There are 2 protein chains.
Amino acid sequence: MNFAGHRQWTAAFSTETLCARILERHRDTVRVQKPHVAVANLARIIEATLKLSNKQGFHATSLRDLAQASGLSMGGLYSYFDNKTTLLSMILGEVTTTVNEVLGAAADEIRKDPPDHLKWLIETHIRLTEAMQPWFVFAYMEAKSFPAHERRMAVDSEAATEEIFAAVLRQGVANGTFAIADIELTASLIKPLLQDWYVKRAKYRKRGTTIEQYIEAVSAFVEAAVQPRRH
Amino acid sequence: MNFAGHRQWTAAFSTETLCARILERHRDTVRVQKPHVAVANLARIIEATLKLSNKQGFHATSLRDLAQASGLSMGGLYSYFDNKTTLLSMILGEVTTTVNEVLGAAADEIRKDPPDHLKWLIETHIRLTEAMQPWFVFAYMEAKSFPAHERRMAVDSEAATEEIFAAVLRQGVANGTFAIADIELTASLIKPLLQDWYVKRAKYRKRGTTIEQYIEAVSAFVEAAVQPRRH
DNA sequence: AAAGAAAACGAGCGCTCGCTCGATTTTTTT
DNA sequence: AAAAAAATCGAGCGAGCGCTCGTTTTCTTT
């Protein structure tokens, strides 16, 4: 994938593109054969699921609501998943796969410089969660009600993201550009700063905060915390 | 209330004490007359509600589960609330009332010095959410499924907490002890750092992070971000 | 245009939900 | 110890849930 320009970025995270990837990963449970039909309907189903779940919760969203909102029938839905939990897994799996793929794709020249790499990670994470906002809100808010296996996936994914940050901090401490008392704990504290952008999106929208302002604020906040102090 | 010592602090936030306050606020909906009976049973009901809801979500917790876990019957429960939503409101109301009460109770000598006040707010918030952890997790996780009125309460309460932090930052900028580009945005970013302690409590427990370490890490993180830089 | 395959349909099943209410037990009053 | 009041009980109600399956519609092939 190419994340260089805004046009490619937007296309890469459109519901259609994401649902095409979901279809690949769930070929065995989706009973509709023609890919372009399956992708189109999956997109309608998942768009409806995200919309309704983020308003009232996944558990409170009935398959009748979902059928009406997606334009399919009750029975029609079951050609795309074998039970309600599978639908949840489809969305969660796509979020965890994508976030690890994207955050791990920093160019080599960026990796060389820990402060650059840290700033890139912050910006990329915030822009990714903006492009896939309903997906991330869903994964975050529904995590507690996941079945055991899905829950583990979510926890592991969170740990993996945190470790990406920890590795950069460690590298920066090693070459002297950062001074940090507790690397793991600092990495843990960066995550909620990134998550706040999508978890409390409504608050920032009402307040008129732009994504650029938010990226700048978080970057400055984190940079101040990791920079060596001069006494 | 006196929050000076650990013993008083613990007693002030015991389930019984909190339920006594809930009873006061809901005298009209609780149909059991003798206060000591009402408080004791309310405590059992709410303890069961927090335990089950934080494991599987409030919506997924049935009143039959709740009856079994609290030791009351289905009908018995309805002597303490008139419907399931009222039970949710009782818990939410107690959380919002308490957090504003406690964070607004800084001593005058602490208020005088913005850095002291900021540090006090961070420590007090984290210790309060530790003492009432299941209550805060409940309020945070169930917020999205609140009915309109309760939801507004939660949003307003969050805004009020944020404004307490913003006021201190503003005071510090005015007297030159802080240097901050965007006060409101910085105040917004402090909140998720505080919330992470109770939202992801399991992670920190597994990792062996103590509350003192966490308070210290967040304080250091925030202090670095608000301190004037020396070039 | 007829036949076969693929996709979509939606009434209906068993079950659990929030909630009620007459019966029963416990406590208080006399 | 009898009567009155307070508190608790739990079977039962209608509604709505996830899910199924015999039928109908749409598309593809010939």
Side-chain angles (χ1 to χ4, degrees), chain A residues 19 22-23 26-49 52-53 55-91 142 145-147 150, chain B residues 19 23 26-46 48-49 52-53 55-91 142 145-147 150:
Chain A
C19 286
I22 289 176
L23 179 60
H26 291 265
R27 269 198 206 290
D28 46 337
T29 57
V30 178
R31 291 212 308 272
V32 173
Q33 317 232 348
K34 301 180 89 177
H36 76 276
V37 175
V39 169
N41 281 335
L42 255 184
R44 298 204 296 171
I45 293 168
I46 284 177
E47 221 148 54
T49 305
L52 295 176
S53 295
K55 197 180 298 178
Q56 63 199 25
F58 181 71
H59 197 91
T61 302
S62 75
L63 291 171
R64 283 164 185 82
D65 295 342
L66 220 55
Q68 176 150 35
S70 67
L72 283 161
S73 65
M74 288 285 311
L77 293 178
Y78 276 82
S79 300
Y80 294 90
F81 48 79
D82 49 2
N83 62 62
K84 205 185 172 192
T85 300
T86 301
L87 176 57
L88 188 149
S89 290
M90 286 176 165
I91 299 174
E142 304 299 340
S145 52
F146 290 164
E150 279 73 16
Chain B
C19 287
L23 180 59
H26 286 84
R27 269 200 206 290
D28 46 337
T29 57
V30 177
R31 289 211 311 272
V32 172
Q33 317 233 346
K34 301 179 86 176
H36 76 276
V37 175
V39 169
N41 281 336
L42 255 184
R44 299 205 294 170
I45 292 168
I46 283 177
T49 305
L52 295 176
S53 294
K55 197 180 299 178
Q56 62 199 29
F58 182 71
H59 196 89
T61 302
S62 75
L63 291 171
R64 283 164 184 82
D65 295 342
L66 221 55
Q68 175 150 37
S70 67
L72 284 160
S73 65
M74 289 285 313
L77 292 178
Y78 276 82
S79 301
Y80 294 91
F81 49 80
D82 50 2
N83 62 63
K84 205 185 170 192
T85 300
T86 301
L87 175 58
L88 188 149
S89 289
M90 285 175 166
I91 299 174
E142 304 299 338
S145 53
F146 290 164
E150 280 72 18

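Fair warning: this is a prediction, and the values are worked out from it, not measured in the lab. Chain identifiers are assigned alphabetically (A, B, ...) following the order of the sequence lines, protein sequences preceding nucleic acid strands; residue numbering begins at 1 within each chain. The figures that follow rest on heavy atoms only: side chains count, while hydrogens, waters and symmetry mates do not.
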**Complete:** Assign each of A:G76 and A:H36 the nucleotide of DNA chain D bearing its closest heavy atom; nearer the 5' end lies the nucleotide of A:G76

**Asked** Pick the nucleotide of DNA chain C nearest each of A:Q33 and B:D82; which residue has the one closer to the 5' end?
**Response** A:Q33

**Request:** Would you kindly give the CG-to-P distance between B:L66 and C:dC17, to the nearest whole Å?
**Result:** 12 Å

**Item:** Expected output: side-chain A:E150 to main-chain A:L88 donor-acceptor under 3.5 Å
**Value:** no

**Fill in**
Atom CG of B:L72 and atom C1' of C:dG18 are separated, to the nearest Å, by 17 Å

**Request:** For B:Y80, report the nucleic acid contact type (base, sugar-phosphate, nothing); a contact means any heavy atom under 4.0 Å.
**Result:** sugar-phosphate

**Request:** To the nearest Å, give me how far apart CG (A:L77) and C1' (C:dA8) are.
**Result:** 10 Å

**Request:** Would you mind classifying the nucleic acid contact of B:N41 as base, sugar-phosphate or nothing, using non-hydrogen atoms under 4.0 angstrom?
**Result:** sugar-phosphate

**Prompt:** So what does A:T61 hit on the nucleic acid, given a heavy-atom distance under 4.0 Å: a base, only sugar-phosphate, or nothing?
**Reply:** sugar-phosphate

**Fill in**
When rounded to whole Å, the CZ to P distance for the pair B:R44 and D:dA7 reads 15 Å

**Item:** Nucleotide of C:dT20, C:dG12, D:dA7 approaching A:R64 most closely (side-chain heavy atoms)
**Value:** C:dG12

**Complete:** Considering only heavy side-chain atoms of B:Y78, the closest of C:dG18, D:dC19, D:dT8 is C:dG18

**Asked** Among D:dT8, C:dT20, D:dC19, which nucleotide sits nearest the side chain of B:M74?
**Response** C:dT20

**Complete:** Rounded to whole Å, NZ of B:K84 lies from C1' of C:dT16 at a distance of 12 Å

**Message:** Whole angstroms only, please: what is the CZ-P distance between A:F58 and D:dG18?
**Reply:** 9 Å

**Asked** Expressed in angstrom and rounded to an integer, what is the separation of B:F81 atom CZ from C:dC19 atom P?
**Response** 8 Å

**Item:** Which nucleotide in C:dA8, D:dT8, C:dT20 has an atom nearest any side-chain atom of A:V32
**Value:** C:dA8

**Asked** With respect to the side chain of B:S73, which nucleotide from D:dG10, C:dC9, D:dG18 is positioned closest?
**Response** D:dG10

**Message:** How many whole angstroms separate atom CD of B:Q68 from atom P of D:dC9?
**Reply:** 13 Å

**Asked** C:dG18, D:dG10, C:dA7: which one has an atom nearest the side-chain heavy atoms of A:K34?
**Response** C:dA7

**Request:** Output, in order, the C-alpha distance, side-chain angles, deciding distance and verdict of side chain to side chain contact (heavy atoms under 4.5 Å, CB included) for A:F81 and A:H26.
**Result:** CA-CA 9 Å; A:F81 48 79; A:H26 291 265; over 6 Å; no

**Item:** Value rounded to 0.5 Å, distance of OH in B:Y78 from CG in B:L72
**Value:** 13.0 Å

**Message:** Between B:N41 and B:V32, is the side chain to side chain contact (heavy atoms under 4.5 Å, CB included) condition met? List the steps.
**Reply:** CA-CA 10 Å; B:N41 281 336; B:V32 172; 5.9 Å; no

**Heavy-atom side-chain contact between B:I45 and B:L87 under 4.5 Å** = yes

**Prompt:** Hey, does B:S62 reach any base, or is it just sugar-phosphate, or nothing, if we go heavy atoms under 4.0 Å?
**Reply:** sugar-phosphate

**Request:** Give A:R31 one of three labels, base, sugar-phosphate or nothing, depending on what nucleic acid heavy atoms sit under 4.0 Å from its own.
**Result:** sugar-phosphate

**Asked** Would A:D65 and A:T61 satisfy side-chain hydrogen bond (donor to acceptor under 3.5 Å, both in side chains), going step by step from the backbone distance to the final call?
**Response** CA-CA 6 Å; A:D65 295 342; A:T61 302; 5.4 Å; no

